[in-house]
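Here's the structure, in structure tokens; my notes come after.
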Number of protein chains: 2
Amino acid sequence: MTGETNRKPTSFDVARRAGVSRSAVSRAFTPGAAVAEDTRKKVLAAAEELGYRVNSLARGLQGDHSGIVGVLASRLDTPVRARQVQLLAQSLIRDGFRPMLVTAENPDDVAGLFDTLLGYSVAGVVVTSDTPPQSTIEACRKTRVPVVLINRDAVVGWGDRVISSPDRSGQMALCMLRSSGATRFGVLEPQGHTFSVTGRANAFKEAAGACVCLTSKDQSYSAARAAVSAVGRAEVARVDGLFCATDLMAIGALDGLRLDLGLNVPKDIQVVGFDDIEQASWGAYDLSTVRQDLEAQADIALDLLKSRTETPDLPIRTEFVPLTPIYRSSTKS
Amino acid sequence: MTGETNRKPTSFDVARRAGVSRSAVSRAFTPGAAVAEDTRKKVLAAAEELGYRVNSLARGLQGDHSGIVGVLASRLDTPVRARQVQLLAQSLIRDGFRPMLVTAENPDDVAGLFDTLLGYSVAGVVVTSDTPPQSTIEACRKTRVPVVLINRDAVVGWGDRVISSPDRSGQMALCMLRSSGATRFGVLEPQGHTFSVTGRANAFKEAAGACVCLTSKDQSYSAARAAVSAVGRAEVARVDGLFCATDLMAIGALDGLRLDLGLNVPKDIQVVGFDDIEQASWGAYDLSTVRQDLEAQADIALDLLKSRTETPDLPIRTEFVPLTPIYRSSTKS
DNA sequence: TTGAAAGCGCTAACAA
DNA sequence: TTGTTAGCGCTTTCAA
């Protein structure tokens with residue numbers, strides 16, 4: 001029984017074995033199709049014996065989508081992104097979709113990769129990072145492929161969005177620091193522009209009025225730590241309430257503040273982050289932060305996708321994700 | 001120009017516009033096919049104008065695989081897994097494959113989900129977590145679908161493997177602790193059995209001889225921390241060299257040791273982890289560990305997949321991933 | 001409720 | 001090098 005090669009059984013094989021037509025087989029595997037319960041059972045039994053499974057490629061070729069959903073996600077090894085993708089994948093799978101992961105190593109690759117997705121007759125595309133090229137988005141619109149953007153800028157003409165309001169995020173962070181007694185504010189943000197990250201940093205600055213701005217090379221732990229350390233103790237001491245645009249950066253800042261500059265958090269300076277990644281709750285950091293509800297994010301994304309599939313001509317929508325202040329010991333209260 | 005719905009152009013449309021046959025179009029899009037450079041250009045131009053892209057579903061239906069590779073990966077929000085999947089996805093994409101992510105929320109779902117992968121005529125399956133059902137593996141063998149197992153037990157009859165040798169992992173950890181002056185060893189491992197995690201813990205025990213064993217509920221930070229704290233200072237103080245089966249657990253242990261038990265690492269007790277996740281290098285932990293080379297892991301997995309595709313009847317192989325000792329400040333040297 | 005027949009968009013074998 | 005032809009495995013009218 002070892003070593004033999006079998007051809008995959010087709011609906012034809014099943015049909016013959018069950019003594020019915022191929023249409024009957026197709027119906028037996030189509031939820032809600034008109035089949036006699038009796039035939040259905042015969043078909044299922046025959047299929048079981050033969051080890052038959054529906055060929056999704058053929059089914060997708062026939063119907064108007066393959067059930068595959070493209071998931072654009074770079075920097076997957078970042079805690080937030082990993083969790084986003086995990087939850088998104090689970091939601092999609094739960095609903096019978098299949099996530100196809102597209103990670104670009106190089107931003108220039110995004111266009112081409114996204115483009116090939118369309119060749120799989122995807123049921124939709126979810127974008128969690130990178131900015132897809134306008135031309136491809138346009139192709140999605142024309143062929144009525146739903147696009148959902150997570151924490152991204154609005155894309156002209158097509159794409160529903162689910163976002164954590166940058167304004168409310170920045171304001172909530174400020175509010176947390178204020179209510180913990182901070183009065184001289186600072187913000188740490190990465191270079192370059194991102195809708196959500198830069199957005200909430202700006203909202204924080206605007207709400208705070210006077211504000212010391214620190215800039216790190218990117219969103220990484222090490223860049224954030226280096227940025228804080230480079231500024232030096234004297235300069236940092238002018239601030240007693242620091243908002244870091246992401247938890248990862250906040251954790252880098254915490255290590256910079258304590259380990260490199262010898263400051264005491266929260267006594268000398270209080271720190272608030274954003275996201276509530278798992279690491280924020282680790283004992284050594286215990287970081288106060290603004291949590292964005294990623295479960296809700298995933299569910300909303302899925303809802304937008306499904307409703308858009310049913311009614312392609314719906315106006316374009318923007319949904320907001322719940323935010324919660326989480327007080328831990330990097331702030332005083 | 002807004003609101004119109006277009007049908008997707010097919011190779012037929014392109015053929016007509018370029019004044020050639022559909023085969024010519026097909027050839028123009030097949031690397032290494034016999035086409036005159038001139039025709040190829042005409043076709044590409046026409047395709048560009050029409051916004052045509054090859055329908056991978058149809059292509060996959062015709063050929064023997066769709067270019068999709070199933071990636072089985074649960075607990076994606078764990079640092080190691082996230083990085084594994086990221087690197088794997090990049091390697092696959094670089095070679096023209098498309099990773100389809102399968103995350104099971106519930107272990108019972110794995111079987112069904114894995115099964116549906118076969119319906120997409122996958123070019124292969126990579127397993128990074130969970131244990132796929134024997135029956136499906138058998139189906140893969142029969143239909144010659146390559147299976148690559150990462151840090152998993154051998155599966156009867158089919159599946160190439162890439163692993164970090166549990167024996168060498170455990171031994172290397174012990175060696176690190178010994179060379180840093182530890183003499184009384186302990187190991188922290190999670191309940192349940194996993195090929196790699198349990199494997200290296202056992203190898204460590206065996207090589208160490210006498211050894212205090214701590215068990216945590218699972219592989220999480222919090223379970224590890226709780227396990228260490230629950231044991232108490234007196235008991236833990238009997239150990240001066242602790243190996244934790246993963247970095248995540250080691251970090252939990254570190255917080256338990258320092259924050260909950262008030263011990264000094266590395267003075268009172270030295271700690272070594274496994275994986276070298278990014279967090280291990282964070283200032284607050286600075287954990288000594290055994291690094292498994294995840295880049296190599298991904299590349300080897302891809303190689304196994306490709307070679308198996310070319311030569312399905314190759315004997316089953318097991319490849320090893322490079323291991324490197326990383327000394328940081330949770331050990332004395 | 002069932003079956004026959006017509007494609008879905010593509011590639012591969014064959015002939016020209 | 002090119003075009004013609006025959007499917008890949010499925011779903012879906014349309015009649016029965």
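What you see is a predicted model, and the numbers here were worked out from it, not measured in a lab. Reminder, nothing fancy here: chain letters follow the sequence lines and each chain counts from 1.
Between B/Phe12 atom CZ and C/dC8 atom P there is a gap of 11 Å when expressed in whole angstrom units. Between the CZ atom of A/Phe29 and the C1' atom of D/dG9 there is a distance of 13 Å, given to the nearest Å. Atom C1' of nucleotide D/dT11 and atom CG of B/Leu57 are separated by 14 Å, given to the nearest angstrom. The interatomic distance linking A/Leu61 (CG) with C/dG9 (P) rounds to 7 Å, in whole Å. Atom OH of B/Tyr52 and atom P of C/dC10 are 4 Å apart (whole Å). Counting to the nearest Å, the C1' atom of D/dG9 and the CG atom of B/Asn55 are 14 Å from each other. The interatomic distance linking B/Arg7 (CZ) with C/dG9 (C1') rounds to 10 Å, in whole Å. When rounded to the nearest whole Å, the span between NZ of B/Lys8 and C1' of C/dC10 equals 13 Å.
None of A/Leu304, A/Val126, A/Val155 except one satisfies the side-chain contact (heavy atoms from CB on, under 4.5 Å) rule with A/Leu149; the exception is A/Val155. With A/Arg308 as reference, A/Asp160 is the one residue of A/Asp160, A/Asp303, A/Asp313 to meet the side-chain hydrogen bond (donor to acceptor under 3.5 Å, both in side chains) rule.
Within a heavy-atom distance below 4.0 Å of DNA chain C, no residue of residues 37-46 of chain B is found. Only A/Val20, A/Ser21, A/Ser23, A/Ala24, listed by number, bring a heavy atom of residues 18-26 of chain A to less than 4.0 angstrom from any atom of DNA chain C.
With the nearest nucleotide of DNA chain C identified for both B/Val54 and B/Arg27, B/Val54 has the one nearer the 5' end.
Between A/Asp64 and A/Arg144 there is no salt bridge, since no side-chain nitrogen of the basic residue lies less than 4.0 Å from a carboxylate oxygen of the acidic one. Here A/Lys41 does not pair with A/Asp38 in a salt bridge; the nearest charged N to carboxylate O distance is not below 4.0 Å.
Heavy atoms of other residues, nucleotides or ligands lying less than 6.0 angstrom from CD of B/Glu48 number 12 at most.
Residue B/Ser11 has no polar side-chain atom (N or O) positioned under 4.0 Å from OP1 or OP2 of C/dG9.
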Inset, instruction - Show the numbers, then the answer: is there a side-chain hydrogen bond (donor to acceptor under 3.5 Å, both in side chains) between B/Arg83 and B/Gln86? - result: CA-CA 5 Å; B/Arg83 191 154 166 68; B/Gln86 146 116 324; over 6 Å; no

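Counting only residues at least two apart or in different chains, salt bridge (Lys or Arg N to Asp or Glu O under 4.0 Å) contacts with residues 106-130 of chain B comprise A/Arg53-B/Asp115.
Residue contacts shown for A/Ala36 are limited to sugar-phosphate atoms, with no base heavy atom under 4.0 Å away.
In this model, no donor atom of one side chain and acceptor atom of the other lie less than 3.5 Å apart for B/Arg27 and B/Thr39.
At least one side-chain heavy atom of B/Ile93 sits under 4.5 Å from a side-chain heavy atom of B/Arg98.
With C/dG9, D/dG9, D/dT11 as the candidates, the nucleotide lying closest to the side chain of A/Gln62 is D/dT11.
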